[in-house]
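Encoded as structure tokens, the structure appears first; notes follow it.
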Amino acid sequence: MQDIDNVGKTGRHTMAFEMMGHHAFNADEGTDYAYEGEVYWKEECVAYCEGFFERFGVDLEELVYIEYPWCGGGNAGPALEVIYRGLELATLVFMSMERDPDGEYELHDGNSYSLMDRRIVDTGYGLERWTWMSQGTPTVYEAIYPEMIDTLTESVGIEHTEEEAAIVHDAARLSGTLDIDDVDDVEAARAEIAGELGVDVDRLRALVEPLEDIYAIADHSRTLAYMLGDGIVPSNVGTGYLARMVLRRLKRLADGVGVDAPLDELVDIQAERLGYQNRDTVREVVRTEVEKYRETLARGERRVESLAEEYAREGVPIPAGELVELYDSHGIQPDTVEEIASEHGVDVAAPDDFYALVADRHEGGQAEETVDSEDERRFTDLPETDRLYYEDQSRMEFEAMVLAVIEREDREGADYDVVLDQTMFYPEGGGQPADHGTLSTDDLTVDVLDVQQVGDVVVHRTDGDPGTGEFVRGTIDRERRMRHMRHHTATHIVGHAARQVLGEHIRQAGAQKGTDSARLDVQHYESVTEEEVTAIERRANNLVMADERVTQEWLDRNEAEKRHGFDIYQGGIPEGEQVRLIQTGPDTQACGGTHVSYTGEVGTIKLLNTERVQDGVVRLSYAAGEAAIEAVQRTERRLAATADVLDVSPAEVPETAERFFEEWKARGKRIEQLKEELAQARASGGDDGEEVDLDGTSAVVQRLDGDMEQLRATANALVEEGKVAVVGSAADGAQFVVAVPDGVAVDAGDVVGKLARRVGGGGGGPPEFAQGGGPDGEALEEALAEAPEILHEGLGD
RNA sequence: GGGCUCGUAGAUCAGCGGUAGAUCAUCCCCCUGGCACGGGGAAGGCCGCGGGUUCAAAUCCCGCCGAGUCCA
């Protein structure tokens, strides 16, 4: 991905590539590996490699080998880069060492390694480059998707004379050997090529640049086809984010050179070429994303425009800080800002280290992870616990021997870790909570409060010590376990139903099965509609009613993948050579959880809620079996309670609620009006208000016990009459409003402040209108009595 | 997984502790033979939801919900 800027320019960089390779496993004699002896090693490998090249008609004299020490993934060894005419065509890695803290060889990655008794040859070839080399086209792009390039050049309307075509061809050939790291290098390289061809640099640029963009467009399209075809959903996190970035870059490039075909068509050309079956979904995803991008841009444009106008008024350039903010929070590229700003005649202070400034905003906040390996060590000496819950998932009782009991002081309630030789208790894992239950000897019974898996050992956390060496009878809390099993099987069913309704791209992004409900996060590119929820619920329950068998089967990993594909790993990729496959009717998944035997046992599935947990991920919450019944009953009770309050039947609740809400709003408005009228009546009637003369202006000090709104209205009405208003209320503590007409030299904020202090509060506001108050309602009269004096003081200043 | 931004009238947004606003759209009136424009007016707001701070919260703080964006 770091070469993304090179795509299209050098003629050889592609964003996605297909890696070919072959391996040989050599094992020293006397080891007990399946393979023993040497298959082939360095010399033979190079010989095979050259034979391979020869078949392509390569002049072996032009092959260059560069040997270097390689390390990665915990292994190391010598490696050869095979280069033909400046192009790296293959890498041959010879792994002979493994990471070992006590190893005698220290390599350049800072780790120590020691020799292994296996030696592995691992070769790799980029398919695209071989295709290119064998085709002899000017660039790799014309070799791997020629019709796409043709479509694009035609769409953009590029036509070359023979002479021009020759220049482009030669330039492409030369640039293929370049490794360009930044923009300066591109220009330097271009000058070099122009010199070599005897062509003016500007002319070369004019000829080549549109083509470079076309190559990039074709390649970005292909990358997107790979990503979306493989089921990646654009999002603001993870690989989904990469997909979004590629798409937006593609959109900018396509608009830049004026490709008239819509993006989903470009991606579809590549998706078809790559043989994807889910092309309709891919197109839909692209269209949705393009629309989102368009909205983001429109939003950004408005934002930049108002910003540009603001800085235009001040006559200063837009500062770098604003640029960083625009990019980081709103996704607006600096060049977009410059473009819009220049239309408003504003400069932009674009810093050279722009992306460094962005990075600065992201530093820190790195969450550190504390690994508690102490637990692990405590149990490593114990033998693997035999897991009975896989043998018969419906059995809830078993007998076992206590192998070890470790007292814990750091946990409240669960004071002992008990390890048995075998157990029926399911430890927390795969999104399924731990079983609860009891362990009993003849003398005592202890509660199992939690069960965890530590390495190969199942640890039961209990509130008592059953005694090491004792035989115990274990009893699982049946109700709890059954709920988990129903929810677990329901999860497979809902996932399958969601796939049928929403599309083949649906992948599990996480799941949690609880006692009262369960949830499944799936990757999806838009919110799930109500209709889709209904459809998923119906399909899920159809599968429940079909009462299909739920079977488990242990299969060799390779065999399982061959038979069912990689989609079995919805819940993550398990360890070990054997995988446990759970077949739920038409759905097959690798899963370590406990399940019911027939889908009918799930009882019923009720979808409770859907939410967008993040962009590109939708969370489905649901309940199964008795939990589903309980959930429905809860909802019904709420509806019944609501209907009861409204005094109507449940069926009438929606329209009644709407009517009430409308009426409530209308009444609020009417009250507002009446208050206004009341205030005016009071002000003009002058009831119980004390009128004070203030150097020719009259001021009214009045008490009326109402809310703030009434005070304001009354004060405003008095000001209309040209009077200074001081209005007080003791309805809720003590509150004041002071309003002053234009041209009267009284500071309302000041007056309110002084009044409010007398009731133990504060207040303030602009000079012509202020409000305030305090908790001491008793002191209101006293404060109002002092108002005339305060007003005079104010005038005196 | 982490950071940042935004939720205010039907739409786009301003206000960022002290009386909820602008523009467009809507409706009415005026201008004109009619339309575009122009002029005048009206209607339209749980200021996303819930807590907290404060005399006072659209505004500050916390939580939730929703939208967006950048980085790994």
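Side chains included, hydrogens not; waters and symmetry mates left out as well; all remaining heavy atoms used. In what follows, every chain begins at residue 1, and chains take the letters A, B, ... in the order their sequences are listed.
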Suppose you measure atom [atom1] in [N] against the same atom in [M]; what distance do you get, rounded to whole Å?
N	M	atom1	value
rA57(B)	rG1(B)	C1'	34 Å
rA42(B)	rU54(B)	P	41 Å
rC30(B)	rG68(B)	C1'	45 Å
rA67(B)	rC60(B)	P	23 Å
rA36(B)	rG66(B)	P	44 Å
rC64(B)	rA72(B)	C1'	27 Å
rA58(B)	rU8(B)	C1'	7 Å

Quick check on [N]: is either OP1 or OP2 less than 4.0 Å from any side-chain nitrogen or oxygen of [X]?
X	N	answer
Arg244(A)	rU69(B)	yes
Lys292(A)	rU69(B)	no
Arg248(A)	rU69(B)	yes
Arg302(A)	rA14(B)	no
Thr296(A)	rU69(B)	yes

Table please: side-chain donor-acceptor pairs of residues 635-642 of chain A below 3.5 Å, with sequence neighbours left out.
from      : atom 1 : to        : atom 2 : distance (Å)
Thr635(A) : OG1    : Ala631(A) : O      : 2.9
Thr642(A) : OG1    : Arg638(A) : O      : 2.7

Proximity to the side chain of [X] - top-ranked nucleotide from [options]:
X	options	answer
Pro766(A)	rC70(B), rG18(B), rU5(B)	rG18(B)
Lys669(A)	rG44(B), rC46(B), rU5(B)	rG44(B)
Arg712(A)	rG45(B), rC70(B), rA20(B)	rA20(B)

Any donor-acceptor N/O pair under 3.5 Å between rU69(B) base and Asp328(A) side chain: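 It does not, because no donor-acceptor pair links the side chain of Asp328(A) to the base of rU69(B) below 3.5 Å.
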What is the distance, rounded to the nearest whole Å, between atom CG of Leu297(A) and atom P of rG68(B)?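 Going from CG in Leu297(A) over to P in rG68(B) covers 14 Å.
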Does the side-chain ring of Phe769(A) lie flat on the base of rU19(B), meaning centres under 5.5 Å and planes less than 30 degrees apart?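 It does: the two rings, one from Phe769(A) and one from rU19(B), meet the stacking criterion.
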Look at [X] together with [Y] and state whether they make a salt bridge at an N to O cut-off of under 4.0 Å.
X	Y	value
Arg294(A)	Glu291(A)	yes
Arg659(A)	Glu662(A)	no
Glu537(A)	Lys606(A)	yes

With pairs defined as Watson-Crick or G-U wobble and both distances under 3.5 angstrom, please note down RNA chain B as a dot-bracket string, | for pairing with another strand. (((((((..((((....[..)))).(((((.......))))).....(((((..]....)))))))))))).
Could you list all the ring pair (Phe, Tyr, Trp, His ring centres under 6.0 Å) pairs where at least one residue sits in residues 738-764 of chain A, not counting sequence neighbours?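 Found none.
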Please report the interatomic distance CG(Leu791(A)) to CD(Glu793(A)), rounded to the nearest 0.5 Å.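 One finds 9.5 Å between CG of Leu791(A) and CD of Glu793(A).
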Centre-to-centre under 6.0 Å for His505(A) and Tyr525(A), is that the case here?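 Ring centroids of His505(A) and Tyr525(A) are less than 6.0 Å from each other.
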